[in-house]
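For clarity, every value in this text was computed on a predicted model and none was experimentally measured.
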Amino acid sequence: MSSASKLLANELLRAARCRTLSPSGSGLSMSRQELAEQVNAYLAKTYKLDLHLDENDIGKLERGENRWPREKRREAFRAVLHAATDAELGFYIQRRSRHQPADTLPEPCAISPAEAVIVKVVIDGREHVLRLSRRGLFEAVTGSLMAPLLGEEADELGPVDPAIVDHFATLRAVLVESDNRLGPATVLPTVRHQLGLIAQYRRQATGTLRDDLLSTEARWAEFAGWLCDDLGESGEGGWWLGQAMSLAFESKDVNFSTYVLARSAQRAAGGADQDRVLGLAHAATRLGASHRQVQAFAVLQRAHGHALAGETHQFETAIGQAQILVDGMAATDGKLGSFCTHAYVLAQEGEGWLRLKQPEKAAGSFGQALERWPAPHQRDRGLYLSRTAVAQLAGEHHDEAATTALEALKVANATRSMRIRQEVMTVGRQLAPFKHRPAAAALLAALATRPEDAP
């Protein structure tokens with residue numbers, strides 16, 4: 001493998017750029033050229049330096065060709081991207097020992113009792129307890145120290161140990177929990193890196209172990225798609241979901257194939273392919289998943305298809321079927337689709353009522369869902385707060401909408417969810433004519449504040 005192909009992309013820098021809004025006021029993420037211009041402007045104003053960075057220079061940094069820009073340039077990047085440290089932007093000095101190949105990392109140190117962190121994750125109903133170092137957990141989440149968790153370089157793999165499947169399942173569960181609490185920007189670089197490693201193992205495996213790794217890779221690919229969608233990178237999100245579907249079908253994983261088809265229907269409902277929602281939802285149902293919560297998730301997409309078609313009776317029937325399927329199901333059992341509980345069905349019912357232009361019913365369903373929402377899933381709570389604000393605004397409850405949107409914005413800032421922030425920004429634009437009212441003024445002021453400066 002050439003040294004160029006072994007470069008590790010600087011996903012932290014790219015994520016920081018993508019979550020920074022364009023100075024043009026378009027509401028889109030900052031482009032590479034805009035980042036270069038902002039860095040040039042900072043250096044010109046602060047140090048009277050006449051620098052001419054352009055999008056090609058930013059591309060080299062994001063591809064990892066240069067990990068340690070000069071000191072003043074690093075300062076400019078920190079200022080423009082609102083980062084407190086170089087590490088937050090993936091900047092570090094590349095050093096290696098005489099015997100250490102490029103792009104490898106040293107073996108992890110032993111964990112002292114004072115540094116130990118106990119992490120509990122649930123996978124398929126079984127609780128797993130992991131003992132990690134505080135530094136190791138942080139660096140695992142930011143994606144800068146993942147290779148040592150496997151103990152070997154990806155291009156020097158030995159025989160595939162079947163236990164690696166459980167390893168990847170446990171690691172994914174940790175990252176799902178990190179996403180729930182910290183948002184996608186800190187998790188996605190790790191997920192992309194691990195997908196490459198899983199593919200390496202899968203290519204070497206045979207028989208049932210290969211099928212297990214195909215199924216594992218499908219779950220990680222779907223997770224990557226979800227993270228990209230939440231960051232507002234829908235193109236990459238769709239690509240990963242397509243990969244997940246191909247891998248799931250190849251592995252003959254009926255439950256996950258059903259789930260991925262339902263996810264495809266979910267994405268279609270929010271995009272340009274709304275005419276495909278019912279078709280994809282019916283295809284998911286026909287596969288015959290055995291997991292009730294996966295079945296319910298597929299039925300909910302059928303409900304959205306009916307809502308988009310203006311078919312109120314069929315929508316209500318499908319929602320009722322989903323409620324029956326999730327009866328007695330909890331969000332903490334760790335099974336596929338375990339997020340699909342009564343609270344989730346109520347939230348989806350709220351979205352359907354919004355599509356059917358019945359905002360009062362939508363707000364009522366969202367309110368019931370939020371009363372039951374599980375505490376660890378703060379990012380999703382913020383999402384449904386933002387949609388509650390949309391329903392309140394549609395019902396002309398302007399003060400309530402502003403107050404709810406402000407609460408959603410706090411969650412967006414805490415979890416770095418671009419998806420929630422964009423929805424709140426839409427509410428804010430519609431409330432601009434009411435900026436003389438205290439609630440709307442507070443929301444607009446918060447939207448004008450950088451996320452990291454928010455209280």
Side-chain angles (χ1 to χ4, degrees), residues 229-230 234 259 261-285 293-327 337 339-373 380-405 407-408 419-420 422-431:
D229 284 346
D230 198 44
S234 60
Y259 178 78
L261 275 172
R263 274 274 287 122
S264 298
Q266 184 186 49
R267 288 184 100 250
D273 290 332
Q274 294 183 350
D275 63 304
R276 299 188 63 208
V277 176
L278 274 175
L280 288 165
H282 283 303
T285 304
Q293 284 168 295
V294 174
Q295 295 173 27
F297 185 53
V299 169
L300 285 171
Q301 307 322 311
R302 196 171 77 233
H304 288 307
H306 289 306
L308 287 164
E311 299 166 347
T312 302
H313 176 69
Q314 292 92 326
F315 162 73
E316 291 183 289
T317 299
I319 289 293
Q321 291 173 351
Q323 288 170 339
I324 292 170
L325 283 166
V326 301
D327 190 37
F339 62 85
C340 196
T341 62
H342 274 300
Y344 184 81
V345 172
L346 284 165
Q348 296 302 297
E349 182 180 11
E351 293 201 21
W353 287 126
L354 268 181
R355 290 190 168 108
L356 288 163
K357 297 182 171 37
Q358 298 195 40
E360 300 294 344
K361 287 186 177 181
S365 295
F366 285 134
Q368 292 180 61
L370 289 167
E371 286 175 2
R372 306 182 185 190
W373 208 257
D380 288 341
R381 175 177 170 273
L383 179 64
Y384 293 115
L385 280 168
S386 70
R387 291 178 185 173
T388 302
V390 171
Q392 291 168 333
L393 187 58
E396 299 188 357
H397 302 292
H398 302 111
D399 291 341
E400 292 90 336
T403 300
T404 305
E407 190 176 352
R419 182 172 50 149
I420 300 173
Q422 287 174 340
E423 292 199 6
V424 174
M425 288 172 67
T426 299
V427 173
R429 283 193 291 270
Q430 294 180 54
L431 284 171

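Distance alone, capped at 3.5 Å, is enough to place a donor-acceptor pair between the Q293 side chain and the C340 backbone. Distance alone, capped at 3.5 Å, is enough to place a donor-acceptor pair between the R267 side chain and the S234 backbone.
Residues passing the salt bridge (charged side-chain N to carboxylate O under 4.0 Å, His left out) test with R276, sequence neighbours excluded: none. With sequence neighbours left out, the side chain to side chain donor-acceptor pair (under 3.5 Å) criterion links Q430 to no other residue. With sequence neighbours excluded, no residue forms a ring pair (Phe, Tyr, Trp, His ring centres under 6.0 Å) with F366. In terms of the side chain to side chain donor-acceptor pair (under 3.5 Å) criterion, residue partners of S386 (sequence neighbours excluded) are, by chain and number, E423.
For residues 364-373, the set of pairs meeting the side-chain hydrogen bond (donor to acceptor under 3.5 Å, both in side chains) definition, not counting sequence neighbours, is empty. Counting only residues at least two apart or on different chains, the side-chain hydrogen bond (donor to acceptor under 3.5 Å, both in side chains) pairs with a member in residues 308-319 are H306-E311.
Of all heavy-atom pairs spanning A391 and P359, the tightest one is O-CB, 3.4 Å. The minimum heavy-atom distance linking R387 with L354 is given by the pair O-CD1, 4.0 Å. Here the closest non-hydrogen pair linking R302 and H282 is CD-CE1, 3.3 Å. Closest of all the heavy-atom pairs between G270 and R355 is N-NH2, 4.3 Å.
Classified by interplanar angle (parallel below 30°, tilted 30° to 60°, perpendicular above 60°), the ring pair Y344/F297 is tilted.
Using a 4.5 Å cut-off on side-chain heavy atoms (C-beta onward), L383 and R419 make contact. In this structure, V299 and I319 have side chains that are not in contact, with every pair of non-hydrogen atoms separated by 4.5 Å or more. With contacts defined as side-chain heavy-atom distances shorter than 4.5 Å, the pair T341/V326 does not qualify.
Side-chain atoms of H304 and E351 form no donor-acceptor pair, as typed in the model, at a separation below 3.5 Å.
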